Amino acid sequence: MATAATETSKNYIGGEWVDATGEDTFDTVNPANGETLGTFPRSSDADVDRAVEAAKEAFESWRLVPAPKRAEILFRVAQRFIDRKDELTELTVREMGKVRAEAGGDVQEAIDMTFYMAGEGRRLFGQTTPSEMLDKFQMSVRQPVGVVGAITPWNFPIAIPSWKIAPALVCGDTVVFKPARDTPMLGERFVEIFEEAGLPPGVLNIVHGGGESVGERLVKHPDVPLISLTGSREVGIRTAENGAPLLKHIHLELGGKNAIIVMDDADLDLAVDGIIWSAFGTSGQRCTAASRVIAGQSVYDALSSKLVERAEMLRLGDGLEESTDVGPVVNRSALAKIHSYTEIGVDEGAKLLTGGEVATENGLDKGSFYRPTIFGEVEPGMRIAQEEIFGPTVALIRATDVDEAIRVANGIEFGLSSSIFTRDVNKAFRAMRDLNAGITYVNAGTIGAEVHLPFGGTKGTGNGHREAGQAALDFYTEWKSIYVDYSGKLQRAQID
Ligand code: NAD
C-alpha cells in the first residue's frame, strides 16, 4: 500500500507489501474530473515470478487447511467488506466512475459472493455411488488445483475479483491477482481486506501492471495451471492461444451484445424502465448491458419516443453527486471508441434519435462523458447492432413476430444476457428455451444477476465455464475418483 498520494504503490507478495523491481509507473485517474488518485508500478516479469513462487509455496499448506477453516477466513473477509462498504463504495465512484448506488451494488456483490463461497467450506460436495462389485466403496472428491492467475477488468472492480478469488480460496487454490490498469487502487483495497482477515502469507498476492506484460506472463507461467480472465473477446482469444501450449485450464468471461425483446403485448412502461436501466446504467459499460432493443411493429414507435424522452432526462455528472443518473465512461480512449461507433452508425444509415456526442457542459469536459445515445431503424447486420461498443449506445431494431425477434437476438457472435418483455406465457417460454445466451430475463432488463446462479455466456462470450453458483467450483477444483476395495481379493471391473 502507498503511504502518500505521491508515492508509488506496492505489490503484495508472500504477505508483504513490496516495491516492484523497475521504475516504470502508471497513474490511476478519476474519470469524472481527471484527478490523479495514485501511482502504481508497471511490474516486470521478475515481480510476477516472485508472486507465483510465493503462491506456489503457500499452496502446499493452504490446500491442507480444512475447507471449513478456509471458509472462516472468508466469513471474516465478508464482514470486513461490510465494515468498509461506504469507503469502498466512494472509492469505486472515484476510481471507476459509476454512480454511488451502483458502486454500492458492486461492493454488495462481493459481500454476497464471499458469504456464499464461505458457505461452500462446509459443502464442496462430491458423490458416493454403489460399486458393480461386492465389498467395494467408491466416491468422487473435489481437489484443489494450484495457483490461479486472476485477471480482471475495471467495470466491476470489487465484484469481479470476488467472483474469482472467493471460490478459488475456499477450494484450496492460491491466487496471483492482476487488476485492471484503470482500477488498481480498488484492487489494492480488496487485497488489504484479505490481509486484515488473517489470510496466510502467499495465499493471495497482487501484482500491478499491464495486460501484455503482467497478464501475459501469468498466462504463460508454467507454475500457474489456472487462468480466470474477464475482459474483451480479443484479449480472451489471445489468452486461450497463449495458454494452449501448456494445456492450461482457462476460464474466459468476455463481451456481450445483449438484446431486450419487446413484444407487442408487453407492459410498455415496464419495458422502458428496464431498457433505460440496462442500456444506460454504468454508462452502458456492463458486459450484460442492453445495447439492442428488438421491438414488435405495433409498439416500435411508442417505445422509441418514450425511450428518447427518458434518455434526454438523464443527468450526467460525477457519480458522487446525488443528482447524477449517469456517470462518466472509464477513460478518454473509451470515449473516442464510443463516439467512433456513433459515426459508424450514421454512416451505415441508422437514424440517430438522441445523443451521439461527447458532453462538455458545466465542467464535464474535465472528465469523459458521453450522452446517452439511441439509434432507430437499425438493421440487424449493421456494425452498431453486431459489435460491442461498451458505452451508453442502444440500437432499436424492428421485428414482425417472436420468431424473428429471437432470430435477430441470436444473430450475433456473443451469447451473454437476453431479455423479453411479454404478457404471453407461450412467448416467454419460447424465449427461455430458444434465446442462445447464458442468461435470460423475463419482464426485466438484461442486468441483475445474483451470486448463487451460474454467470456467463454461450458462443463468443466465453469458453463454456461459468462464474458464481455451484458451477464456479468446477473450474477451481479437479475431480478425483477414489475406489476402495475391501474384499481382500483381486476384482476386475467390466470382467468379473
Ligand atoms: P480488457 O480485455 O482490455 O482487459 C481485461 C483484463 O485483461 C485487464 O486486466 C487487462 O490488463 C488484461 N489483459 C489485457 N491484455 C492481456 C493479455 N494479452 N494477456 C493477459 N491479460 C491481458 O477488458 P476491459 O476493457 O478491462 O473490460 C471490458 C471488457 O470486459 C468488455 O468486453 C466486457 O464485456 C468484458 N466483461 C465481461 C464480463 C463477463 O462476465 N462476461 C464482465 C465484465 C466485463
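Just so we're clear, the structure is a prediction, and the values are computed from it rather than from any experiment. In what follows, residues are counted from 1 in the order of the sequence shown.
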**Student:** What is the minimum heavy-atom distance between Arg310 and Ile276, and which atoms define it?
**Tutor:** CB-CD1, 3.7 Å
**Student:** For Lys136, does the NZ atom sit with more than 12 other heavy atoms under 6.0 Å from it, leaving out its own atoms?
**Tutor:** yes
**Student:** Report yes or no: does Arg189 contribute a side-chain atom to a donor-acceptor pair with the main-chain N or O of Leu88 at less than 3.5 Å?
**Tutor:** no
**Student:** Under the salt bridge (Lys or Arg N to Asp or Glu O under 4.0 Å) criterion, do Glu216 and Arg238 qualify, and how do the steps go?
**Tutor:** CA-CA 9 Å; Glu216 289 212 6; Arg238 193 177 167 109; 2.4 Å; yes
**Student:** On the 0 to 90° scale, with breaks at 30° and 60°, tag the Tyr476-His251 ring pair as parallel, tilted or perpendicular.
**Tutor:** perpendicular
**Student:** Check whether Ser43 reaches the backbone of His208 with its side chain - one donor and one acceptor, N or O, closer than 3.5 Å.
**Tutor:** yes
**Student:** Using only atom types and a distance under 3.5 Å, with no angle test, would you say the side chain of Asn258 pairs donor to acceptor with the backbone of Cys287?
**Tutor:** yes
**Student:** Taking 4.0 angstrom as the limit, do Glu120 and Arg123 come out as a salt bridge?
**Tutor:** yes
**Student:** Output, in order, the C-alpha distance, side-chain angles, deciding distance and verdict of side chain to side chain donor-acceptor pair (under 3.5 Å) for Glu253 and Trp163.
**Tutor:** CA-CA 11 Å; Glu253 289 295 338; Trp163 297 358; over 6 Å; no
**Student:** side-chain contact (heavy atoms from CB on, under 4.5 Å), that's the test. Do Phe125 and Leu473 meet it? Break it down for me.
**Tutor:** CA-CA 10 Å; Phe125 296 138; Leu473 305 176; over 6 Å; no
**Student:** Please give me the minimum heavy-atom distance between Ser162 and Ala110, naming the atom from each residue.
**Tutor:** OG-CA, 3.4 Å
**Student:** Examine distances only and state if a side-chain atom of Thr458 and a backbone atom of Gly415 form a donor-acceptor pair shorter than 3.5 Å.
**Tutor:** yes
**Student:** Within a reach of under 6.0 Å around CD of Gln138, are more than 12 heavy atoms found that belong to other residues, nucleotides or ligands?
**Tutor:** yes
**Student:** Would you find more than 12 non-hydrogen atoms of other residues, nucleotides or ligands less than 6.0 Å from Glu87 atom CD?
**Tutor:** yes
**Student:** What's the separation between atom CG in Leu204 and atom CD1 in Ile193, rounded to the nearest 0.5 Å?
**Tutor:** 11.5 Å
**Student:** Do side-chain atoms of Thr230 reach the backbone of Ser228 as a donor and acceptor pair under 3.5 angstrom?
**Tutor:** no
**Student:** If you take all heavy atoms of Phe59 and Val145, which pair is closest and at what distance?
**Tutor:** CZ-C, 3.8 Å
**Student:** Decide side-chain contact (heavy atoms from CB on, under 4.5 Å) for Val147 and Leu226; before the verdict, give the C-alpha distance in whole Å, the side-chain angles of both, and the deciding distance to 0.1 Å.
**Tutor:** CA-CA 6 Å; Val147 179; Leu226 300 185; over 6 Å; no
**Student:** Begin from the C-alpha positions of Glu35 and Arg94 and carry the test salt bridge (Lys or Arg N to Asp or Glu O under 4.0 Å) through to its verdict.
**Tutor:** CA-CA 9 Å; Glu35 170 202 8; Arg94 291 176 65 218; 3.1 Å; yes
**Student:** Checking Arg433 now: which residues fulfil side chain to side chain donor-acceptor pair (under 3.5 Å) with it, not counting sequence neighbours?
**Tutor:** none
**Student:** Evaluate whether atom CZ of Arg332 has more than 12 neighbouring non-hydrogen atoms of other residues, nucleotides or ligands under 6.0 angstrom away.
**Tutor:** yes
**Student:** With sequence neighbours left out, which residue pairs that include part of residues 150-164 fulfil the salt bridge (charged side-chain N to carboxylate O under 4.0 Å, His left out) condition?
**Tutor:** Lys164-Glu467
**Student:** For Ser44 and Asp47: C-alpha separation, side-chain torsions, deciding distance, then whether side chain to side chain donor-acceptor pair (under 3.5 Å) applies.
**Tutor:** CA-CA 5 Å; Ser44 65; Asp47 299 314; 3.1 Å; yes
**Student:** For the pair Phe475 and His465, name the ring-plane relationship: parallel under 30°, tilted 30 to 60°, perpendicular over 60°.
**Tutor:** perpendicular
**Student:** Roughly how far, to the nearest 0.5 Å, is the CD1 atom of Ile165 from the OG1 atom of Thr174?
**Tutor:** 11.5 Å
**Student:** Look at the side chain of Lys248 and the backbone N and O of Val219, then say whether any donor-acceptor pair between them is shorter than 3.5 Å.
**Tutor:** yes
**Student:** Do other residues, nucleotides or ligands put more than 12 heavy atoms under 6.0 Å from Lys337 NZ?
**Tutor:** yes
**Student:** With the threshold set at 4.0 Å, does a side-chain nitrogen-carboxylate oxygen contact exist between Asp325 and Arg315?
**Tutor:** yes
**Student:** Pro328 and Gln285: which non-hydrogen atoms are nearest, and at how many Å?
**Tutor:** O-NE2, 3.6 Å
**Student:** Which atom names give the shortest non-hydrogen contact between Val141 and Ile482, and what distance separates them?
**Tutor:** CG2-CD1, 3.8 Å
**Student:** Of the non-hydrogen atoms in Ala51 and Asn205, which two are nearest, and what is the gap between them?
**Tutor:** O-ND2, 3.9 Å
**Student:** Within the side chain of Thr446, is there an N or O that forms a donor-acceptor pair under 3.5 Å with the backbone of Ala290?
**Tutor:** yes
**Student:** Could you check whether atom NZ of Lys459 has more than 12 heavy atoms from other residues, nucleotides or ligands sitting under 6.0 Å from it?
**Tutor:** yes
**Student:** Check this for me, if you would: do Glu192 and Arg80 make a salt bridge, where the nitrogen-to-carboxylate-oxygen distance has to be below 4.0 angstrom?
**Tutor:** no
**Student:** Counting distance only, does the side-chain N/O of Glu102 pair as donor-acceptor with the main-chain N or O of Thr282 below 3.5 Å?
**Tutor:** yes
**Student:** Counting distance only, does the side-chain N/O of Arg100 pair as donor-acceptor with the main-chain N or O of Gly319 below 3.5 Å?
**Tutor:** no
**Student:** Is Gln127 atom CD crowded by more than 12 heavy atoms from other residues, nucleotides or ligands, each under 6.0 Å away?
**Tutor:** yes
**Student:** Drop me the distance from His221's NE2 to Ile227's CD1, to the nearest 0.5 angstrom.
**Tutor:** 10.5 Å
**Student:** Thr39 and side-chain hydrogen bond (donor to acceptor under 3.5 Å, both in side chains): which partner among Thr28, Thr25, Asp27, Thr8?
**Tutor:** Asp27
**Student:** Once you round to the nearest 0.5 Å, how far does CE of Met432 lie from OG of Ser418?
**Tutor:** 11.0 Å
**Student:** Tell me whether Glu72 is salt-bridged to Lys69, with the criterion being a basic N under 4.0 Å from an acidic carboxylate O.
**Tutor:** yes
**Student:** Is the side chain of Ser283 donor-acceptor paired with the backbone N or O of Gly327 at a distance under 3.5 Å, no angle test?
**Tutor:** yes
